[in-house]
K.L.:
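Let me begin by handing over the structure; questions about it come next.
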Amino acid sequence: MRNAFTARRAVLPWRNKRALPEPEAAGLRERLHRELCSPGGRLAYIHVPFCANHCLFCGFYRYAHTADAATRYASLLAEELALGGKAASVASGGVEALYLGGGTPSALSARDLDRVLSAARSHLPLTADCEITLEGRITHFNDEKIDACLAAGVNRISIGVQSFDTGVRRRQGRKSDRNEVLRFLEGLRKREGFALVIDLLYGLPGQTPEIWRQDLAAAIELEPDGIDLYGLNLIPGTPLHKAVGLGKFPALGGLDSLGEMYEIGARALAGAGWAQLSNSHWRRTLLERNRYNLQIKQGRDCMAFGAGGGGSAALYSYAVNSDLEAYERAVTMGERPIAGVWVADELHPIRCAVTAGFEVGKLDLAALTACLDDDVGQSMFSLVRQWQSAGLLDLDDGIIRLTLAGRFWYSNLIFAFDALLSESLAARQSTERSSIVTQASNLQALRAELAKNPGGILEALAVQYGVSQQAVVDALPEEMRTCIAGSAFVDVMQDLAGWGKMTVIVHTPDVIMECHADVPMGKLGHGFYNLQGGDGPLSGHLRPERCGAIYFLRRPFMGKETLSVQFFNTDGDAMFKVYVGRDENRELKAGQIERFNELERKLTAQEAA
Ligand code: SF4
């Protein structure tokens with residue numbers, strides 16, 4: 001518990017992600033949550049960046065609350081929710097948990113809280129049992145505001161108490177004393193229809209183990225539905241960090257005392273019969289679901305709103321502009337105020353499984369390593385055995401169960417697994433780099449072959465020369481091919497829907513499937529482009545975000561000229577191809593040739609613009 005590692009690692013949401021340069025990020029902004037989204041349910045987060053004052057330990061403080069600024073901000077939020085809702089309505093995975101965090105959402109007036117929550121309910125596809133959490137502070141959170149929140153659907157209120165002790169509170173800049181905190185929470189407890197959650201912080205200056213025990217006892221006695229325990233993280237740049245550096249506060253207790261306090265907290269809650277939902281969350285009643293916090297760790301998509309919020313869609317993460325002026329400018333111009341976009345690596349789903357498993361203290365290591373290369377799996381098992389002998393976990397039949405000490409150090413375990421995964425990825429990429437040299441000479445030979453015989457079978461050439469199918473197409477003589485970005489997928493498919501009967505081909509190593517039919521119209525939903533073929537010969541579900549490139553090809557095949565539109569995924573493999581149809585004389589249909597040329601021209605001009 002006390003000395004397994006020399007420091008506690010923070011699990012930051014943007015770890016293992018690469019910031020995209022602006023031109024690339026700009027092209028993605030409007031597609032987030034519209035085309036780029038994971039199937040299934042999702043989450044939503046609304047950020048309110050105002051606080052009544054700056055608590056010394058806090059790294060999230062951004063703007064001082066003023067009534068005028070907060071009211072203006074609530075209007076902008078309502079507009080932004082309407083903008084984002086347009087995207088959400090296309091891809092219709094329901095929002096299962098909505099979280100209003102900050103900052104201090106409860107600093108907004110009753111009218112503004114109602115406005116923001118009503119906009120969320122009108123514009124986001126909230127599920128019928130959506131968990132709606134509001135983060136609040138005791139100061140200024142009056143009955144009128146609480147009524148407004150509950151009337152607008154809030155069903156979970158999380159109060160950041162941190163400590164009940166007046167001395168500890170005052171030292172951190174909190175104005176209310178122990179009695180005021182207790183009175184407020186007792187009043188809140190008497191109300192019904194929502195889960196009340198109390199957040200406590202351990203390791204604060206002056207918070208001795210005895211005071212911590214009193215904090216826990218007071219929280220348990222209030223009988224909220226949930227209690228969260230967080231260890232103080234001395235964040236560089238915070239007033240507390242500076243004050244400790246200047247010697248204004250006694251040096252904080254080390255990891256020893258933090259570990260001891262976590263143990264005291266976990267044992268107190270277990271002793272009082274509370275169930276542990278994750279390493280830092282406990283519940284007394286089933287009203288507390290903790291859905292948002294658990295699902296965000298699982299890597300669920302999260303739609304983010306409000307200056308300083310952060311969201312995610314499939315492999316992408318993004319930050320809403322935290323600068324209020326820039327945020328306002330974008331929203332009033334009707335643009336999503338997204339400041340930056342990051343992309344995760346291909347191991348993202350595995351990393352999410354690791355984070356989600358360690359978060360709840362249980363991870364199926366056998367199932368996890370079955371998806372990985374043998375050497376990575378072996379390294380993970382050998383690390384786990386070391387942790388087992390250090391008392392951080394039990395391993396039984398391939399399943400990891402964290403001990404209390406393991407739960408305290410869980411972020412370090414995630415960090416270590418992340419590092420192993422990154423090493424394995426780097427090793428694989430270096431092998432791929434050395435094969436690029438071989439590929440370069442293969443490509444030269446392939447180009448020469450296609451210059452002589454451009455009618456070869458593309459799939460067979462890819463295998464023969466050890467390159468992707470897209471690389472084969474790129475090796476065709478230039479006048480035979482036009483490449484368009486995969487982001488035009490929906491536009492191209494919807495245009496093809498008006499061309500008449502064509503030949504659609506899906507070619508995999510095992511089958512060549514052909515269908516002679518009209519390409520049906522389709523629409524986006526659940527992350528797919530869904531063909532609305534009805535009882536017709538062609539229907540199905542296509543994934544637009546997998547499309548990396550679209551080619552317009554003119555080339556001879558079996559002695560005849562062909563025109564085709566070919567779709568390639570981001571790995572360079574063919575998704576499917578659509579060939580211009582032939583008339584009764586086996587000639588290419590004149591009307592479709594025109595449509596082909598026209599669409600090619602239009603998309604080329606759009607890309608050049
Ligand atoms: S702890 Fe909460 S109220 Fe205090 S500064 Fe941080 S975000 Fe604001």
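None of the values given here were measured: they were computed from a predicted structure. Numbering of ligands and ligand atoms starts at 1, following listing order. These numbers come from the heavy atoms of this one structure, side chains and all, not from hydrogens, waters or symmetry mates.
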K.L.:
May I ask you to check whether Phe417 and Trp387 place their ring centers less than 6.0 Å from one another?
P.N.:
yes
K.L.:
Quick check on contacts: which atoms of ligand 1 are under 4.0 angstrom from a heavy atom of Thr104?
P.N.:
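Answer for ligand 1: 3 (S), 8 (Fe).
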K.L.:
Where the closest heavy atom to atom 2 (Fe) of ligand 1 is concerned, which of Pro239, Gly160, Gly103, Gly136 has it?
P.N.:
Gly103
K.L.:
Check whether any side-chain N or O of Thr238 sits under 3.5 Å from a backbone N or O of Ile235 as a donor-acceptor pair, and report yes or no.
P.N.:
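Indeed, once roles are kept as given, a pair shorter than 3.5 Å links the two residues.
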K.L.:
How far is atom 6 (Fe) of ligand 1 from its nearest protein heavy atom, and which residue and atom name does that atom have?
P.N.:
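Going by distance alone, atom 6 (Fe) of ligand 1 is nearest to Cys58 SG, 2.2 Å.
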K.L.:
Which one of Arg174, Arg137, Gln172, Glu135 has a non-hydrogen atom at the shortest distance from atom 1 (S) of ligand 1?
P.N.:
Arg174
K.L.:
Any chance the rings of His65 and Tyr63 have centres within less than 6.0 Å?
P.N.:
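Distance test on ring centres: not under 6.0 Å, no.
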K.L.:
Using modelled atom types and a 3.5 Å cut-off, is there a donor and acceptor pairing between side-chain atoms of Asn155 and backbone atoms of Cys130?
P.N.:
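Such a contact is found between Asn155 side chain and Cys130 backbone.
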K.L.:
Among all protein heavy atoms in this structure, tell me which lies nearest to atom 8 (Fe) of ligand 1, with the distance rounded to 0.1 Å.
P.N.:
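Sorting protein heavy atoms by distance from atom 8 (Fe) of ligand 1 puts Cys51 SG, 2.3 Å first.
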K.L.:
Which of the atoms of ligand 1 are close to Asn53, meaning less than 4.0 Å from one of its heavy atoms?
P.N.:
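Numbered from 1, ligand 1 contributes 5 (S).
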K.L.:
Distance check below 2.8 Å: does Cys55 bring an N, O or S atom to atom 6 (Fe) of ligand 1?
P.N.:
no
K.L.:
Taking Val161's backbone N and O only, do any of them form a donor-acceptor pair with Asp199's side chain (distance below 3.5 Å, no angle check)?
P.N.:
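Answer holds: no.
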K.L.:
Relative to the ring of Trp282, is the ring of Tyr262 parallel (under 30°), tilted (30 to 60°) or perpendicular (over 60°)?
P.N.:
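Tilted: the ring planes of Tyr262 and Trp282 meet at 30° to 60°.
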